[in-house]
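Single-structure report; data block below.
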Amino acid sequence: MLDGRYHVLGVDAAFRTLFGELGPMVGRPFDEMVSDRDRRGAVALSQRLTRHHGEVIDLPLVITAGGRDRFVRARIAAVVASGDARFVAYLEPGEEQDSLTYELALARQRWSAIMQRSDEGIVLVDRDGTILQHNLRFFELMRFRTAHGVSLTEAALEGRRLGPLLPRAFEQLAQALARGDDDFELSVDSDGRMLEVEGRTLRFPLRGRVETLLLVRDVSEQRQIEQRDAIIQLDLEQAAAFQTALLSRMRWPSGLDVDVAYRPLQRVGGDVYDVAILPDGATRMFIADATGHGVTAALSTMLIKSEYDAVKLVGSPSEALAALNERITRTYARLAVMFTAAIVDISQDRRLLRHACGGHPAPLLCTGPRIVELAEGGPFLGVAMQQRYPEWTTEIEAWHSLVLVTDGVSEQRNASGAQFGDDRLRTAISEAVERGRKINASVLSRLDAYIATHAQTDDITLLTVQPAHT
Amino acid sequence: MTELPSHVADAFRATTRRDGRTLHLDLAGNADIQVAEPLHDLLAKLHAAAAELGIAHVAVDLRELEFMSSSCLKALVSWVSALQDTDYRIAFRANPDLRWQRRSLGALQTIAPGLVTVDGAT
């Protein structure tokens, strides 16, 4: 028995039989009987007692009685005794783990916890569209107002039909509820926000539609990101088109077949190449690899290509690299455009090669199936001024092709982390020559088979030249 | 007391130790692009520690380093480029079986000739 302030006055014999002596609880508030383990139950009881208007309170609780925690169904009803307000609390022990009541209570508590903590607005409406339950996030997202534009309080939603409360922007939702649509998804543009509304209806075979669960989420930020991504994607495609145009703006030499395979890691890459005809009729091939990948590296390639165009007819390969390094290092010191590069000159009579490197993989000369790795060395470009680049001259009596690569080819890895490597690269070229196949396509095919499903990790460029008669 | 930096990631490890006036930096694994920033930071701290401790030599052991991305290489280049203003020298110990080391360390050496030596790259 409880007094008008819900303090415990005493217990009956049945209580003692079921739960033992109440002890020090006599005279204490009833909610102090709720176990410390049942925080949600204590909160629910407190809320119900605070808003109590005479109805029977019916709650699952864990109480501490007889020195231990017990799961009970608690029903509290008002009685009038001697003119004073009194309450009687019926405590019915549950069967803990086996009890359907317990399971239901647990499910209800879990549902309430999920609902209240959800980042999505959640509301349950019955078959007539009356609000049964909602969370705070739903109230915040919907920004309910009266017809006069006055904001509604959250309490004003209780027991109201949702349809008439919905702002004009939610007309489609109101129609879906009115029609009794089972499952639906809507996008709502409301107050400058983009909201997504998802409706899921619970139906029973005989009773039909029981209630509808509505989930409301603010996807404004997500949409903004998607729009921004789309713009970036478009920019990247344009940048890729620029880069392609830049790289293909060259005159192929007569008497030589040039083949380029360019596969950037992203839409744009940090590799750059060029083929030019020198005043003495020699063909000059240039390949470079800027540090990094993506847009930054691609912008570096624009600088490199533009500066290279200004010096590409300069003297020997070594002098051209030194001139390029000087221009880049002096002009763009703050940008720290570091890159590797190689230049190979093929004399007009196709019998002499002169080449220079700056930290770049050696050019590969194919004399039939045999692959000769030319010399390599030299400092990086873009790091320090007044650098010297070693130059080598090679006489070539009979040659099949010359292949310039960036390190992205041999440094690609398979799923187990093993690199494609220089040996596999040379083997792939050699086999392509033996079988009369296109070198670049064959290398890429072998490379793709090697890395299989593993993602490409660097930009890849192969620049192959061969006498036109072969 | 000056703390020596280190960095351990999934597939990369950079450890340092001091031996008198020599600092040892051992790099191992794969220095992918993700490692570039931590490596840059580590080298900056190492540089500061070397100055503070009056270090004469930094010995960098790359024999267990399978791969280094160009972005990580750039971090090494920045470090080596700053050598002109310091009192210590760098000695790289390379793995002759790894071609990228031969190529890249040769290029690195040209940035600060006399201050950087490379052993095992030929």
Residue, of A/Gly270, A/Pro361, A/Ala384, A/Gly358, that accumulates the most heavy atom pairs under 4.5 Å with chain B: A/Pro361
Counting heavy-atom pairs under 4.5 angstrom with chain B, the leader among A/Ala336, A/Gly377, A/Ala290 is A/Ala336
Let me know if [X] has heavy atoms under 4.5 Å from chain B in its side chain, its backbone, both or neither.
| X | answer |
| --- | --- |
| A/Gln386 | neither |
| A/Arg388 | neither |
| A/Ala297 | neither |

Among A/Asp448, A/Asp458, A/Asp271, which residue meets the side chain to side chain donor-acceptor pair (under 3.5 Å) test with A/Arg263? A/Asp448
Less than 4.0 angstrom from a charged side-chain N to a carboxylate O is my criterion; do A/Arg426 and A/Asp422 meet it? no
Residues B/Glu66 and A/Arg413 bridged, charged N to O under 4.0 Å: no
Stepwise, does the side-chain contact (heavy atoms from CB on, under 4.5 Å) test hold for A/Trp399 with A/Ile346? CA-CA 12 Å; A/Trp399 61 289; A/Ile346 305 170; 4.2 Å; yes
Contact leader toward chain A among B/Ser104, B/Ser81, B/Ser70, where contacts are heavy-atom pairs under 4.5 Å: B/Ser70
Strictly by modelled atom types, are A/Thr406 and A/Asp289 linked by a side-chain donor-acceptor pair under 3.5 Å? no
